[in-house]
Amino acid sequence: MRQGLGVLGVAIRTEKAVFTLAVLASAVYGGMTVASAWALGWATQNVVLPTFAQGGVTTAALWTGALLILGTALLKALGVAGRRILAGVMQYRMQARSRRDVTKQYLRLPLSWHHQHPTGQLLSNASADAEAAWAPLAPLPMAVGVIVMLVTAAVAMLFTDLVLALVGFLIFPAIAVLNLVYQRRLSPLATRAQQLRAEVSEIAHESFDGALVVKTLGREDLETERFQRRAHELRDANIAVGRVRGLFDPMLEALPTLGVLAVLAVGAARLSTGAIDAGGLVQVAYLFTLLAFPIRALGWVLAELPRSVVGWQRVQAVLDATGSMEYGSTPATSTGPAKLAVEGVSYAYGEAEVLHDVTFEVPAGRTVALVGPTGSGKSTLVQLLARLVDPDSGRVLLDDADLRELPYGGVAASVALVPQQTFLFDDTVRGNVALGADTTDEDVRAALRLAQADGFVGRLPDGLDTRVGERGASLSGGQRQRIALARALVRRPRLLVLDDATSSVDPQVEAKILHGLRDAAEASTVVVVAYRMATIALADEVVYLDKGRVVDHGPHAELIERCAGYRNLVTAYEREEAERAAIELEEAVDEAVEEAAEEAVEEVQA
């Protein structure tokens with residue numbers, strides 16, 4: 001209860017003006033509801049009873065009763081409209097604010113934090129949890145406002161008849177006990193249901209994201225079963241929550257009714273003795289029927305508090321995450337290609353060290369190839385170069401400035417990374433290349449030419465305006481990679497990092513791209529993760545990594561002479577091709593010899 005009221009306090013402090021107006025509108029509603037009871041009592045005593053007793057009533061009394069009832073009804077309607085509209089404004093503003101805060105925090109947190117949290121859970125934090133955290137705000141102004149109605153009704157009953165009021169007030173301790181039991185029963189069930197929502201979202205996201213694997217390996221039934229099992233658990237958890245609520249609501253509604261019955265029983269006895277008149281009894285009984293609504297309004301808030309606390313805690317866990325990156329205030333003053341230096345960099349995923357004391361330099365305007373066997377740390381190193389993560393030790397320097405000293409957005413303004421896994425949005429070619437940058441169509445076309453993508457883009461049905469589909473589904477792998485490369489080039493980066501970003505491109509096209517990058521008017525320093533001999537040979541220098549360490553570095557021709565590991569790695573493909581060609585040649589020679597021998601035997605026999 002204390003945590004739930006704390007969450008509500010955050011919303012009230014954030015939206016003071018809206019909450020105040022909503023409570024005032026609710027107070028008008030509550031006050032007019034009580035006033036309608038008084039108006040009904042007045043009309044009973046001054047219009048209805050005289051009509052039965054005397055056979056008629058004065059016009060003034062009739063009009064007075066009608067105006068009292070109509071006036072209170074009109075003001076009550078205005079109070080209802082204001083309360084509902086302003087409560088909705090408050091609730092949706094807080095939900096939108098939470099979603100924005102969570103999304104901004106996702107963008108601030110480093111990639112290492114995202115590696116530890118599944119995507120489905122992150123989606124649930126930004127949607128279902130943010131919604132649940134502020135669910136009580138819809139009935140909150142009404143619940144606070146009808147307290148006015150509750151207090152006014154209690155005072156009116158005390159002034160009308162003290163004995164009847166005290167009889168009716170016996171229901172309040174029962175309501176308090178009932179709410180306490182309800183909170184303790186519902187809280188763990190709501191926590192479990194909220195967690196299962198995240199798990200269902202996580203499984204659904206995995207299945208959709210891995211649709212190709214699911215389809216090609218025939219895992220449709222298994223994935224359906226996995227999702228169904230967790231969905232059934234969520235269903236059962238929600239049913240358990242519903243059972244508790246279903247038991248609580250009728251009991252809460254029954255208590256005021258029992259109070260009304262007690263008031264009528266005692267009131268009838270007091271009416272027979274003349275201690276109270278009929279109008280007073282009607283007024284007190286009607287006020288007790290009205291008590292059911294404020295009690296229910298309070299119950300609606302209390303019913304949402306456990307789920308609200310769970311949602312709030314899950315959202316706060318994201319907002320309080322300590323993995324955010326720190327930024328400096330050193331602006332980038334240099335222009336043109338950047339000088340890169342990696343000094344003693346080490347990095348580990350948990351206890352698994354991926355990079356150890358990596359050191360090398362890349363002079364401005366040069367092209368360096370990162371080469372190494374699978375698992376040598378190349379992709380991790382390029383993430384460090386783009387500051388997607390920070391090294392555990394050591395420094396990455398751009399023009400002698402540590403990347404951690406640059407201001408927010410400073411790295412993105414100078415460094416562009418084209419990752420191994422290409423991602424395109426369901427947008428036009430222009431939209432995917434510009435991606436919100438302030439660029440002209442000529443800039444986009446120039447970037448496409450440099451990425452050797454202008455040819456196939458020109459053949460698309462609508463050129464730059466052609467939509468590429470979700471994840472670029474209408475394009476080939478090589479075309480997607482060239483669009484992604486153009487997206488990086490249009491920003492004119494001072495350091496361009498390619499993580500095997502041309503693996504799906506024809507070798508001849510790849511050579512044109514690398515030559516174009518070198519000869520461009522606004523050339524960049526280029527770091528490329530490469531596997532092909534043709535790509536490596538185009539680099540000015542090669543850094544050879546193995547088991548997270550720099551084994552050797554230098555020009556390709558020198559490395560292939562002095563470093564056996566490097567030579568074996570980069571010539572493996574050529575050796576395999578040579579061995580396959582030798583085997584094919586040997587098989588062809590054997591067949592030719594066999595055919596010649598058969599022909600010779602046939603000639604001798606002839």
Side-chain angles (χ1 to χ4, degrees), residues 3-22 84-141 190-191 194-195 197-202 204-205 208-209 301 304-327 387-389 406-413 423 425-427 431-432 434-438 470:
Q3 290 176 322
L5 294 177
V7 175
L8 297 181
V10 171
I12 292 170
R13 289 190 297 273
T14 305
E15 295 288 348
K16 298 185 188 72
V18 176
F19 176 73
T20 301
L21 292 174
R84 290 184 177 179
I85 293 171
L86 293 169
V89 169
M90 182 179 180
Q91 180 185 22
Y92 298 137
R93 279 186 179 179
M94 292 304 299
Q95 288 178 354
R97 183 176 285 107
S98 288
R99 290 191 176 102
R100 286 196 299 267
D101 290 343
V102 168
T103 304
K104 288 178 182 177
Q105 180 72 340
Y106 286 162
L107 297 176
R108 283 193 295 266
L109 290 167
L111 204 59
S112 56
W113 184 89
H114 287 272
H115 289 159
Q116 301 169 12
H117 297 81
T119 305
Q121 179 181 326
L122 303 184
L123 292 172
S124 180
N125 292 147
S127 57
D129 292 335
E131 181 179 341
W134 307 115
L137 295 184
L140 178 62
T191 301
Q194 201 68 13
Q195 175 62 32
R197 284 188 180 91
E199 294 179 11
V200 168
S201 177
E202 179 182 339
H205 179 270
F208 301 152
D209 207 35
V301 175
E304 292 292 343
L305 280 187
R307 183 165 166 252
S308 170
V309 171
V310 174
W312 170 259
Q313 289 174 341
R314 289 169 63 84
V315 168
Q316 286 302 117
V318 175
L319 299 181
D320 295 339
T322 57
S324 59
M325 288 182 168
E326 299 295 331
Y327 297 92
R387 211 197 168 196
L388 296 178
V389 294
L406 297 178
Y408 181 76
V411 176
F423 183 90
F425 294 89
D426 185 10
D427 198 352
N432 271 286
L435 210 62
D438 186 14
E470 186 178 3

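Because only heavy atoms are used, hydrogens play no part in the values below, and waters and symmetry mates are left out as well, while side chains stay in.
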In Å, rounded to the nearest 0.5 Å, how long is the span from CG of L137 to CG of L8?
6.5 Å
With rounding to the nearest 0.5 Å, note down the distance linking OG1 in T14 to CE in M94.
4.0 Å
Can you tell me if Q105 uses its side chain to pair, donor with acceptor, with the backbone of V318 under 3.5 Å?
yes
I need the I12 CD1 to M90 CE distance, nearest 0.5 Å.
5.5 Å
Which heavy-atom pair separates V7 from A133 by the least distance, and what is that distance?
CG1-O, 3.8 Å
Would you please name every residue forming a ring pair (Phe, Tyr, Trp, His ring centres under 6.0 Å) with F425, sequence neighbours left out?
F423
Supply the atom-to-atom distance L86 CG to E15 CD, rounded to the nearest 0.5 angstrom.
10.5 Å
For R13 and K16 the tightest heavy-atom approach is O-NZ, 2.9 Å
Taking the side chain as everything from C-beta on, heavy atoms only, tell me whether Y92 gets closer than 4.5 Å to W134.
no
Give the minimum heavy-atom separation between A87 and A22, together with the two atoms involved.
N-CB, 4.3 Å
Can you see which heavy atom on R99 is nearest to which on E131, and at what distance?
NH2-CB, 3.9 Å
Crowded around R84 CZ? As in, over 12 foreign heavy atoms under 6.0 Å?
no
Side chain to side chain, D101 and V315, heavy atoms closer than 4.5 Å:
no
